[in-house]
Protein chains: 2
Amino acid sequence: MTIPLPGGQVRGSKTGKPIMALLDLLGRTWALGIIWHLHSGPATFRELQQRCEKISPTLLNTRLKELKTLQLIESQQAGYQLSPQGVDLFDIISPLGNWSSQWAQALMDESKSCH
Amino acid sequence: MTIPLPGGQVRGSKTGKPIMALLDLLGRTWALGIIWHLHSGPATFRELQQRCEKISPTLLNTRLKELKTLQLIESQQAGYQLSPQGVDLFDIISPLGNWSSQWAQALMDESKSCH
DNA sequence: AACCATGCTACAAATAATGTAGCATGGTGT
DNA sequence: ACACCATGCTACATTATTTGTAGCATGGTT
């Protein structure tokens, strides 16, 4: 799976539009999860593995390389952490946390009323 | 692939936390793309296929079912469209459009300066 | 030197996505 | 009624991705 560089061809678009590269990237298994879990602070490889609960080391490493190439994360002596751009991205998606709770509630309410 | 219901077990979490179900869902191939493309208005199955450029009908149908079950989209006579909750979700992620352009620019600048 | 922990690779098995063909249904025109 | 289309969607073989497990290599401790 080639890294979805903005400007190049990505899954779902030959136009090279940055948003398409981004959606391709974020749509890969665990990419969003890694970003989400890194927000709680830098983590070593094994620590990150635990935060993700079930990710295989093979895939974790693959995603880390992609995210590093695309400058969303960086590795320091403290381990892996969000880059400034990664933080920006996280700030955009962070409302998903609260939103998902309301959404879950709505789904439950609906399954109760519509027997 | 079972539908990631909040409250149930999903990829990456046994806790049932809604955010984990959501990240699982959005991390599936094409899920974000479908939501993104539906924002420009309702679309029939074939129209949506074209907007996505390269999605296979098999997968499109699979994702549509998931998104419908989780109430992010609904199908009317006009075709598929975002549900009110889907619109909410889109509103959260819509800044990704502009963000991705800056990001693409930063990546290009960096590849120029750091030969 | 034996012992750990860590980052990460190898690789086979399991699962998911793609691509293409085409069926079933519901119009429209004749 | 009948041929002709478009649409929504399924079938299914091929290909790509993900998982799970084992374990290697490096660096620090005792």
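Keep in mind that the numbers below use all heavy atoms, side chains included, and drop hydrogens, waters and symmetry copies. Per chain, numbering begins at 1; letters A, B, ... match sequence-line order. Everything quoted here is computed from the prediction, not taken from an experiment.
At the phosphate of C:dT20, neither OP1 nor OP2 sits under 4.0 Å from any side-chain N or O atom of B:Lys54. Contact between the side-chain N/O atoms of A:Tyr80 and the OP1/OP2 oxygens of C:dT6 is not found at any separation under 4.0 Å. Within the structure, a side-chain polar atom (N or O) of B:Trp30 is placed less than 4.0 Å from OP1 or OP2 of C:dT18.
In this entry the distance linking CD of A:Gln77 with P of D:dG28 reads 14 Å, nearest Å. Rounded to whole angstrom, the span from the NZ atom of A:Lys68 across to the P atom of C:dC8 amounts to 7 Å. Distance, B:Asp24 CG to D:dT19 P: 10 Å, rounded to whole Å. Distance, A:Asn61 CG to D:dT18 P: 14 Å, rounded to whole Å. What separates CZ of A:Arg46 from C1' of D:dG28 is a distance of 15 Å, to the nearest Å. Rounded to whole angstrom, the span from the CD atom of B:Gln49 across to the P atom of C:dG19 amounts to 11 Å. Rounded to whole Å, atom C1' of D:dT18 lies 13 Å from atom CG of A:Leu60. Rounded to an integer number of Å, the gap from B:Ile55 CD1 to D:dT10 P is 14 Å.
You'll find the side chain of A:Lys54 reaches within 4.5 Å of the side chain of B:Lys14, heavy atoms only.
Ion pairing between B:Arg28 and B:Glu66 holds under the 4.0 Å rule for side-chain N and carboxylate O.
For a distance-only test at 3.5 Å, the side chain of A:Thr58 qualifies as a donor-acceptor partner of the base of C:dA10. Taking only distance into account, the side chain of B:Thr44 never meets the base of D:dG8 through a donor-acceptor pair shorter than 3.5 Å.
At a cut-off of 3.5 Å, with distance as the only test, no side-chain donor of A:Gln102 or A:Asn98 sits close to an acceptor on the other residue.
Take the nearest nucleotide of DNA chain C for A:Glu47 and for A:Arg11: the residue whose nucleotide is more 5' is A:Glu47. If B:Leu59 and A:Phe45 are placed on DNA chain C by their nearest nucleotide, the residue sitting closer to the 5' end is A:Phe45. Residue-to-nucleotide proximity on DNA chain D shows that, of A:Arg63 and B:Gly79, the 5′-proximal contact is made by B:Gly79.
Considering all non-hydrogen atoms of both residues, A:Leu82 and A:Glu74 come closest at O-OE2, 4.2 Å.
The aromatic rings of A:His39 and A:Phe90 sit parallel, their planes meeting at an angle under 30°, below the 60° perpendicular limit.
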